[in-house]
Amino acid sequence: MNPYEPNSIEAKWQAYWEEHKTFKVKRDFSKEKFYLLEMFPYPSGRIHMGHVRNYTIGDSLARFKRMKGLNVIHPLGWDAFGMPAENAAIKNNTHPAQWTFENIRTMRNQIKALGLSYDWDREVATCHPGYYKWNQWLFLKFLEKGLAYRKNSTINWCAECNTVLANEQVVDGCCWRCDNEVLQKQQEGWFFKITDYADRLLAGCKTLSGKWPEKVLTMQVNWVGKSFGAEVDFKIQQTDEVIKVFTTRPDTLYGAMFMVLAPEHPLTQKLSRGTEQEKAIDTFIQKVKKQDNIARTSEKEGLFTGAYAVNPLTGESIPVWTANFVLMGYGTGAIMSVPAHDQRDLDFARKYKLPIRVVIQPATGSVDANTMVKALTSEGAMVHSGTFDGLVGQDARRKVCEFLEKKGIGKATINYRLRDWGVSRQRYWGTPIPVIHCSNCGIVPVPEDQLPIELPLDAQLGEKGQSPLHNLESFYKTSCPKCSADARRDTDTLDTFVCSSWYFDRFTSPRLEHAPFSKENNDYWMPVDQYIGGIEHAILHLLYSRFVNLVLNDLGLTKVSEPFAHLLTQGMVIKDGAKMSKSKGNVVDPDEIIKKYGADTARVFMLFAAPPVKDLEWSDQGVEGCSRFLKRVWRIFGDLNEEIKNVKLPGESYSNTVPEIKALRRMTHITIRRVTNDIETRMQFNTAIAAIMELVNHLFSFKEWWKNKNNQDEAARMALREALETMILTLSPFAPHITEEMGSKIGFSKTLDQKTWPQYNDALTQTDELLIVLQVNGKVRQKISVESDISDEDLKTRSLEDAKIQEWTRGKDIKKVIVIPKKLVNIVVQ
RNA sequence: GCGGAUGUGGCGGAACUGGCAGACGCGCUGGAUUUAGGAUCCAGUGGGCAACCGUGGGGGUUCGACUCCCUCCAUCCGCACCA
């Protein structure tokens, strides 16, 4: 046979698949479905190895499931709105649309060169009006349901990106995209009420346990940050003001010795007015505002506001302070300080010489306010707490809350860390927000029949990336749909995470014009059965998608409560110990690998080098090894294919007692079992490929035997055919081109997507003889071969009779003999 | 600081329910073939001369531990004044 030439084979089959639309989904709702999805890419320019790994894992599963007879939907699209397009457009003096569509074209070709089995007829790009129209429609639905609202608030601002960031998009105080420091700024914008769904998002995490990585679920649970506690009102002396605080420890209320407000809290400044602290407070607030996140969190700094509050339970007058460690964004932005039972409060009290009172005593021992260095934060009995003395933990907290409620000065409450999702972006390349600002009517939604509000493509981007929409009269000038007066369109665009929060739904009806997707299609295809992507979206995309899905569920548009039934987060591709990146100069270009070795080699390497969840260390030699393996496959196939022309597979009544033939069949069926199990239940492709390698190695030794014997009979040829077909079929999800080529040479009348995944026969995986390990005191001393149906008693006798074992046991007391059927005998002597 | 994960040959990794540690691949060594190199094929390859020792260290449970328990160490990741 010809030498293995991956490039021509791959081009041939890719053209065939494209021409015959091999992977186009058949609309057959009677069949069991399987929705396989990889996180769609941002069209940044060229694909990288991370993409290759992600899509190869997904494609291998898709191809496997197809052969298993499932109706597989496997689509791909483009997360095509977003800032890099704007930056690139400014830099290259082009338009974001042009840049984006060119990138899509390039990347689509690169992806096609990997031989991925996508249904390209379902391709969507979020920057297409046919897609973002439904973003706008969804926005209007959110608005109708009261889930989208406007507010003026402190927002995260990235000066580099010239835009607002959602809390989820701030990483270590820096922008998730450009890594610049994030500033706080007051601004009005649109928010989605994700907080309304906090409990349902948490409940969902429970149902996903075991199906999603626990790590991702933990991160989401922590992000939502539900905590039980109480809201307590503290009166300010000599005014009508009340400071509301949230505490998880109402049982420590008697130990609240002072209060601390966030510097941004409106009362901080207000309370200082007219006191001698007035000036100092103003200076302090300015100072903290200028502090970056690191400075603000490195050391606690505070200042007395000049005002006093009243502890509602003790009636004592306590000073009100402000300090950098109290955050406006959590709880009420104000705390009651209980230095004896909170480490931060204790640190602060020690630094500023504020009083400390112990109001909880542990079950054993006692703590002393004067000497304690660690706050007592664990549970204990209330002391110095009037009638509450002696109460402990949960019970104590409940009783205090009941008392507060009766007095009308507090109540039990639940607090979340989760904030509403800010979705307004002061950017151009995004979905225009479909509302109109009218001076008479206020905010008026754009009527549905006027959607989409198209993004004007003739806009010129500002030099520093400011959105041209704000100044583009032809865009913003409009009339109010209600009163027809002159009005102004909203000139902000939606966060691109809105686009990616429902694209999996759109894939079920990619070209539908009168709705985002059809209920019928959605009911059949959703949820995504297996979702695959990087861990970096553990919070952002995955939380937003779950939220939007719940809203769609409430709207009756989808029946699923969770969009992604199973999630696999694949590891990074590493080279020289670091993630591949341009700045590190350790990038390997997928195109070059494909050109040099072919896509099948690239795919096999990606799967073989590490299990999907682990990081994968790039290795040029490893790639060589995989290339060598495929060459071996090609060669052994070429050598043996001639022997099995027009030979059938072994049937029910098949019989052949030649040991080499029996061994070959055993190897074949063991391989099927291993590969099937590794893909289906373990998602461990590296061991699946290792199993196929062993089959190939076996075939090479088998070939020597075969060639030395002339006139092999028909039965032997059948067994050989079975082995070769198994090699082709089990390898096909991983290396689809070479296997398709071999399939056509061996005489398959169908392409592999229509072939049935091979079944193993358990009886054929058994041997007549078993190799039993004999141990003396747990050490391996002998291995014996016995007939597979031997009884435990006989096995025991045979073991003790063994000459080598007798050497080890001679003159010793046999205490015990442990027989593990079919495996091992351990003789315990003394 | 809190939470989670991981630690196995020279390297990537196997070992699924406690039962032969190191499958498979890379690398390396020797041989065959070749004018040579490459490619290919065959054999070997945890350490130690051996008894034996070996899955980050120490301890425990067990006839038997990479696997279970305790403890310590290292690396990585996530959260980080969340009241």
Side-chain angles (χ1 to χ4, degrees), chain A residues 3 171-173 213-219 221-223 225-227 229 245-249 252 256 260 262 293 296-300 323-327 329-338 341-345 347-348 377 415-418 535 538-539 571-572 574 604-605 608-611 613-626 628-629 631-632 635 674 677-678 681-682 684 686-694 696-697 700-701 703-704 771-783 815-829:
Chain A
V171 179
D172 290 333
E214 288 306 318
K215 183 189 167 110
V216 173
L217 293 174
T218 308
M219 284 169 73
V221 168
N222 291 341
W223 187 262
K226 183 177 187 172
S227 48
V245 303
F246 173 75
T247 176
T248 55
R249 293 297 301 272
T252 65
V260 189
N293 281 289
R296 183 159 176 173
T297 53
S298 57
E299 195 178 354
K300 290 179 181 53
N324 60 352
F325 73 94
V326 176
L327 310 171
Y330 183 77
T332 60
I335 60 163
M336 64 175 205
S337 258
V338 186
H341 305 294
D342 182 292
Q343 192 58 45
R344 295 155 299 178
D345 295 349
D347 295 343
F348 194 74
T377 53
N415 194 58
Y416 297 90
R417 205 186 86 114
L418 183 71
I535 186 83
I539 307 286
M572 290 188 298
I574 303 282
V604 169
F605 173 72
F608 182 65
V613 293
K614 289 230 252 169
D615 284 351
L616 180 153
E617 174 78 31
W618 181 265
S619 155
D620 290 331
Q621 287 169 333
V623 178
E624 290 276 358
C626 292
R628 203 172 304 157
F629 165 61
K631 285 182 198 159
R632 273 168 70 79
R635 198 165 343 107
R674 284 176 65 187
N677 186 43
D678 283 349
T681 62
R682 305 206 310 155
Q684 205 165 283
N686 54 335
T687 47
I689 292 170
I692 303 169
M693 286 174 170
E694 286 185 63
V696 172
N697 291 346
F700 267 91
S701 4
K703 186 186 86 177
E704 290 307 306
L771 190 68
I772 302 290
V773 171
L774 304 187
Q775 297 183 331
V776 178
N777 287 347
K779 292 205 162 69
V780 180
R781 297 303 186 195
Q782 176 69 306
K783 291 169 189 179
K815 292 276 175 200
K816 215 195 247 184
V817 179
I818 291 133
V819 179
I820 307 296
K822 300 194 169 190
K823 280 199 172 143
L824 165 151
V825 177
N826 187 14
I827 298 149
V828 185
V829 300

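As the structure is a prediction and not an experimental result, all values here were calculated from the model. Residue numbering restarts at 1 for every chain, and letters A, B, ... go by the order of the sequence lines.
Lys815(A) comes within 4.0 angstrom of nothing in the nucleic acid, heavy atoms only. When heavy atoms are screened at a 4.0 angstrom cut-off, Thr247(A) is found touching the sugar-phosphate backbone but no base atom. Contacts of Gly625(A) with the nucleic acid, taken as non-hydrogen atoms under 4.0 Å apart, involve only primed sugar atoms and P, OP1 or OP2. Looking at heavy-atom distances under 4.0 Å, Val326(A) makes contact with a base. Within the 4.0 angstrom heavy-atom criterion, no nucleotide atom of any strand lies near Asp345(A).
Summarising the geometry of Asn826(A) relative to Asn777(A), their closest heavy-atom pair is OD1-N, 3.5 Å, with the distance given to 0.1 Å. Heavy-atom minimum distance, Arg249(A) versus Met336(A): O-CE, 3.8 Å. Of all non-hydrogen atoms in Lys822(A) and Ile772(A), the two that sit nearest each other are C-CD1, 3.6 Å. Of all non-hydrogen atoms in Phe246(A) and Asn415(A), the two that sit nearest each other are CZ-CB, 3.3 Å. The shortest non-hydrogen separation linking Ala262(A) to Val326(A) is CB-O, 3.3 Å. Shown here for Glu299(A) and Asn324(A), the closest heavy-atom pair between the two residues is O-ND2, 2.8 Å.
The listed nucleotides are C52(B), C16(B), A80(B); the one nearest the side chain of Asn677(A) is C16(B). When each of A83(B), C20(B), C24(B) is scored by its nearest atom to the side-chain atoms of Glu694(A), the top-ranked nucleotide is C24(B). Among A83(B), A21(B), G19(B), the nucleotide with an atom closest to any side-chain atom of Lys823(A) is G19(B). Here the nucleotide nearest the side chain of Val773(A), chosen from G25(B), C20(B), C81(B), is C20(B). Of the candidates G19(B), C53(B), C77(B), the closest approach to any side-chain atom of Lys215(A) belongs to C77(B). When distances are taken from the side chain of Phe700(A) to each of C24(B), C63(B), C41(B), the shortest belongs to C41(B). Here the side chain of Thr218(A) is nearest to one of G3(B), U40(B), C79(B), namely G3(B). Checked against G27(B), A83(B), C24(B), the side chain of Gln621(A) finds its nearest nucleotide in G27(B).
In this structure, Ile820(A) atom CD1 and A65(B) atom C1' are separated by 14 Å, rounded to whole Å. Put simply, CD1 on Ile692(A) is 15 Å from C1' on A23(B), counting in whole angstrom units. Atoms CE (Met572(A)) and P (U6(B)) sit 16 Å apart, rounded to a whole Å. Atoms NZ (Lys226(A)) and P (A83(B)) sit 14 Å apart, rounded to a whole Å. Rounded to whole angstrom, the span from the CG atom of Asn697(A) across to the P atom of A43(B) amounts to 10 Å. Counting to the nearest Å, the P atom of G18(B) and the CD atom of Gln775(A) are 17 Å from each other. We find that OH of Tyr330(A) is positioned 4 Å from P of A83(B), with the value rounded to whole Å. Between Ile539(A) atom CD1 and C77(B) atom P the separation is 17 Å, expressed in whole Å.
Looking only at atom types and distance, the side chain of Asn222(A) has no donor-acceptor partner in the side chain of Arg417(A) under 3.5 Å away.
Shown here are the side chain to side chain contact (heavy atoms under 4.5 Å, CB included) partners of Asp342(A), two or more places apart in sequence or in another chain: Arg344(A), Asp345(A).
G25(B) and U71(B) have their P atoms separated by 41 Å, given to the nearest Å. Look at the C1' atom in both U67(B) and C16(B): the space between them is 11 Å, to the nearest Å. Separating the P atom of C68(B) from that of G18(B) is a span of 8 Å, rounded to the nearest Å. With both ends at atom C1', the span from A50(B) to G12(B) equals 33 Å, rounded to whole Å. Using atom C1' as the reference point in both U17(B) and G60(B), the two lie 22 Å apart (nearest Å). For the P atoms, the distance from G31(B) to G38(B) is 14 Å, rounded to whole Å. Separation of the P atoms belonging to C66(B) and G7(B) is 14 Å when rounded to the nearest angstrom. For G59(B) and A43(B), the C1' atoms lie 44 Å apart once the distance is rounded to whole Å.
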Can Thr687(A) and Arg674(A) be said to form a side-chain contact (heavy atoms from CB on, under 4.5 Å), step by step?
CA-CA 8 Å; Thr687(A) 47; Arg674(A) 284 176 65 187; 5.6 Å; no

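Within the cation-pi definition used here (under 6.0 Å to the ring centroid, within 45° of the axis), Lys300(A) qualifies as a partner of Phe325(A).
For Ser227(A), a side-chain nitrogen or oxygen approaches OP1 or OP2 of A83(B) to under 4.0 Å. For the OP1/OP2 pair of A80(B) and a distance below 4.0 Å, the side-chain nitrogens and oxygens of Arg417(A) include at least one atom meeting the criterion. Listed pair Arg781(A) / G64(B) fails the phosphate criterion, with no side-chain N or O lying under 4.0 Å from OP1 or OP2. Between Arg628(A) and C26(B) there is a side-chain N or O to OP1 or OP2 distance below 4.0 Å.
Stretches of at least 3 consecutive Watson-Crick or G-U wobble pairs, with each checked distance under 3.5 Å, appear in RNA chain B as B:1-7 with B:73-79, B:10-12 with B:24-26, B:27-32 with B:40-45, B:56-60 with B:68-72.
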At a cut-off of 3.5 Å, list every protein nitrogen or oxygen paired with a nitrogen or oxygen from nucleotides 12-15 of chain B, distance to 0.1 Å.
from   : atom 1 : to        : atom 2 : distance (Å)
G12(B) : O2'    : Ala609(A) : O      : 2.7
G13(B) : O3'    : Asn686(A) : ND2    : 3.3
A14(B) : OP1    : Asn686(A) : ND2    : 3.2
A15(B) : OP1    : Arg682(A) : NH1    : 2.7
A15(B) : OP1    : Arg682(A) : NH2    : 2.8
A15(B) : OP1    : Gln684(A) : NE2    : 3.4

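A residue-by-residue look at Met693(A) and Asn222(A) shows that Asn222(A) has its nearest nucleotide of RNA chain B further toward the 5' end. Nearest-nucleotide mapping onto RNA chain B: of Ile689(A) and Asn777(A), the residue sitting toward the 5' end is Ile689(A).
For the pair Ile827(A)/Arg781(A), no side-chain contact is recorded, criterion being any heavy-atom separation below 4.5 Å from C-beta on. Between Val776(A) and Gln782(A), every side-chain heavy-atom pair lies at or beyond the 4.5 Å cut-off.
The backbone N or O of Gly571(A) lies less than 3.5 Å from no partner atom in the side chain of Asp615(A), so there is not a single donor-acceptor pair.
Between the side chain of Lys300(A) and the base of C81(B) there is at least one donor-acceptor pair of N/O atoms closer than 3.5 Å.
Taking the O4'-C1'-N9-C4 or O4'-C1'-N1-C2 dihedral as appropriate, G9(B) has a value within 90° of 0 and is therefore syn.
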